> 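Just dropping this structure here.
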Amino acid sequence: RFLVLRCGQAQIAIAVDPDTTLRRARPDDVRAAANVPAGYVRGVFKIGGEDVALVDVDRLVAAALDVARDSVPALV
């Protein structure tokens, strides 16, 4: 299974596990951690007794493109 996202002109597919769920934020969601584990995570929240990350897709795509760009050797 893949989650297919459109980000600007780019389309990106992210492999997801069968237990992955998408949900809208609710007023009773509370921030669980002060530290954000990655630059593309906007926050970690306690939802139903579980820590859940809020992912910024634009930042995730930008980070992936940076990694891909850096891993391609330059032709000289």
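Keep in mind that what you see is a predicted model, and the values were worked out from it rather than measured.
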> Which heavy atom of A13 sits nearest a heavy atom of F2, and at what distance?
CB-CD2, 4.0 Å
> D19: which residues meet the side chain to side chain contact (heavy atoms under 4.5 Å, CB included) condition with it, sequence neighbours left out?
D17
> Nearest 0.5 Å, please: how far is CG in D29 from CG in L54?
9.5 Å
> Taking only residues two or more places apart in sequence, or in another chain, which ones meet D56 in a side-chain hydrogen bond (donor to acceptor under 3.5 Å, both in side chains)?
R42
> Minimum heavy-atom separation for D51 and K46, please, with both atom names.
OD1-NZ, 2.9 Å
> Report the residue from I14, L60, D58 that forms a side-chain contact (heavy atoms from CB on, under 4.5 Å) with L5.
I14
